[in-house]
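Proteins come first, then strands; the chains are lettered A, B, ... in the order of their sequence lines, and each starts at number 1.
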Protein chains: 2
Amino acid sequence: MAAFCYRITFPIRCTSNSSSKNDPNKLNLHKININGTSSARPHMIDSLSQTAGVATTSVASVAENITRQNIPTKKQYIDAHRQGLIVEGGVAYRQKIVIRSYEVGPDKTATLESILSLLQETALNHVWLSGLLSNGFGATHGMVRNNLIWVVSKLQLQVDQYPIWGEVVEIDTWVGASGKNGMRRDWLIRSQATGHVFARATSIWVMMNEKTRRLSKMPEEVRAEISPWFIEKQAIKEEVPEKIQKLDDKARYVITNLKPKRSDLDMNQHVNNVKYVRWMLETIPDQFLESHQLSGIILEYRRECGSSDIVQSLCEPDEDGIINSGLKQANEIPLLNGFSLASEIMEGNGLLGSLDKAPLRYTHLLLNKGDSQNEEIVRGKTMWKKKQRIKPFST
Amino acid sequence: MAAFCYRITFPIRCTSNSSSKNDPNKLNLHKININGTSSARPHMIDSLSQTAGVATTSVASVAENITRQNIPTKKQYIDAHRQGLIVEGGVAYRQKIVIRSYEVGPDKTATLESILSLLQETALNHVWLSGLLSNGFGATHGMVRNNLIWVVSKLQLQVDQYPIWGEVVEIDTWVGASGKNGMRRDWLIRSQATGHVFARATSIWVMMNEKTRRLSKMPEEVRAEISPWFIEKQAIKEEVPEKIQKLDDKARYVITNLKPKRSDLDMNQHVNNVKYVRWMLETIPDQFLESHQLSGIILEYRRECGSSDIVQSLCEPDEDGIINSGLKQANEIPLLNGFSLASEIMEGNGLLGSLDKAPLRYTHLLLNKGDSQNEEIVRGKTMWKKKQRIKPFST
């Protein structure tokens, strides 16, 4: 049976191994030749490897968990518990989700973090229903034979409208080819009531040898397994990929000294990529976030980081996104300690009204602050639009 | 029709109004006479009040949201979208939940935060199905006429076993009387496959006048509305309530300078109580958390805090919970900067093996560090047990 299997989160993610901090073998997707000729040997990027500090479980424990999880061993078409089903001629997955009370933010709309988590969840449930989710770290039989796993290199999300608390949505997800050796996974989030597409997302995955940590070509036997699952449909129309500029410490907003916490770790012992996005958005002034909403995000994953690493979040408003220079001027005071100072200054100057003219695009960079050099973890670009209803404040 | 309606989160929670920091009217549940004779006038504890900085929405917006949320206006017995239904003679609520990939921690079991969030979610969905969820801040008709809302004063959770990723659970929740003027809400979390009770929880709610901020007696008309929903069954057998000692800055573990972030705010513009629990648990050394799991928690809510407040998390191991003094001795070094130092010391001394003899109960306190005096936000007690399988580490 054809199959696809891969890491369902969007690593590159933090691991709990601090010794890898200066490991020259760490993954640098930017430098890696996807045809396998690169000498880069990314380290601990996947969940299949038992990294230092990662718990191992007994065979009995694994067996018990598989029973409790009730993971199917062959393809099924309906998951009644999760309200998921296979659609699109037997290859795509659709799941009904009701937005929960704790998945929304102060404005009662689903948070970006919730949406990213739901993408992860539905991708995983798609694999689950395929019958190939081997204890959560599934791979096709051909991939297992070749010690191959999937790693994500890019994620793009476009949000037209945010679902609100209690709203019923349908999330579709499917996979397709990406070049000769990659895989694309797409998502559509729709209103169940009206069919309106709330959000679209796409991601690019490449294959890596679990042992050598090198990116790999897709072996023929793996291609034969997974290509029947590929469909042409694309959630986001392919355009010339936008180059995300690398920021440096002259960026307008900088938050330093970010440290992953235990509660940021997911079941793969890594800091989840949702945490990365939180760190990115924390650089943006509160006042801006209250009157604007994110309409798009692009993430380019570069390199893993360790949970003991110290992370720096850089952010720069895009000049061409500024309609009027009013806010730009106020923001030109260098803010080395990040958003709290920024928002205080804005409050002090009463600049809320000027947010009509705020920049609508930001470039982001998360850096691992190494002893000798800084390492890029992820580059990002966020796009924003004004909230449709600017809500009055009672102050 | 009989009804109950209340805040579904477990406030007292942070608000975004920093001006209330030294407000003498702030709620102090500990000092308040529940019969309404207290002079305490708690401020901004509820979600019904439009507090400073809280967005107001237009009538059109509210109407549109109600349509999108599809909130029923009369009692229903089945919620097909959420897989919830009314049980126990028409008064309790049961919902099927599949534990999601991002709701579990490094050991693949549901996190405490996820469980607390699911309690909130199912309580709210119970009210939703009752047909009385008025835009998310529902109250019975009698409560609205009397400007009354519910506030929570205590929450207790006992966990026998944590559900794992992908496991199907059923959560039951119902309400009962608590004294003359209070309400109890209980929960049971069961394995759907085996019926095994994973966790039990109970909470106590009292009534407050939204305008005067005073706790209130339950008016007769409200009692007539809600008492038909009350059932006697208790999830946790009532014992003599344990007194939670008040810690001071001589506590063994202290984390200072905790600041709520924007992403900690929920739809009521407050910091959710789940954040409180995270702050509490961050004081406990990582090594302990890796080999132990929380088996119980009691939270006593005392006072709100503002999102601009600076919070201090204090933690003290209970002496009578220490089976052997091995670890106690190592921990007697005062650790004013909290868990990171603690865990370093423990790692340095190679004390992991001594965790067999670690204390199994901790007392907690979150304080709002005021300019002149510190204010209690929440007192807590956590109970722990050794993980059944101590997992080997590959280091």
Test side-chain hydrogen bond (donor to acceptor under 3.5 Å, both in side chains) on A/Ser313 and A/Glu282; report intermediate values, then the result.
CA-CA 8 Å; A/Ser313 180; A/Glu282 280 172 8; over 6 Å; no
Output for pair (B/Ile99 CD1, A/Arg68 CZ), nearest 0.5 Å, gives 10.0 Å
Notebook entry, point to check: Going by the angle between their ring planes, with limits at 30° and 60°, are B/Phe198 and B/His196 parallel, tilted or perpendicular?
Noted result: perpendicular
Interface check, chain A: of B/Gln192, B/Arg100, B/Gln83, most non-hydrogen pairs under 4.5 Å belong to B/Arg100
Highest number of heavy-atom pairs under 4.5 Å with chain B among A/Lys96, A/Glu103, A/Lys259 belongs to A/Lys96
Parallel, tilted or perpendicular: ring planes of B/His126 versus B/Tyr93, cut at 30 and 60 degrees
parallel
Applying a strict 4.5 Å limit to non-hydrogen atoms, the region of A/Arg278 in contact with chain B is side chain
Among B/Ile97, B/Val98, B/Leu281, the residue with the most heavy-atom pairs under 4.5 Å to chain A is B/Val98
When the 4.5 angstrom heavy-atom criterion is applied to B/Leu289 and chain A, the contacting part is both
For A/Tyr102 and B/Glu121 the tightest heavy-atom approach is CE2-CB, 3.9 Å
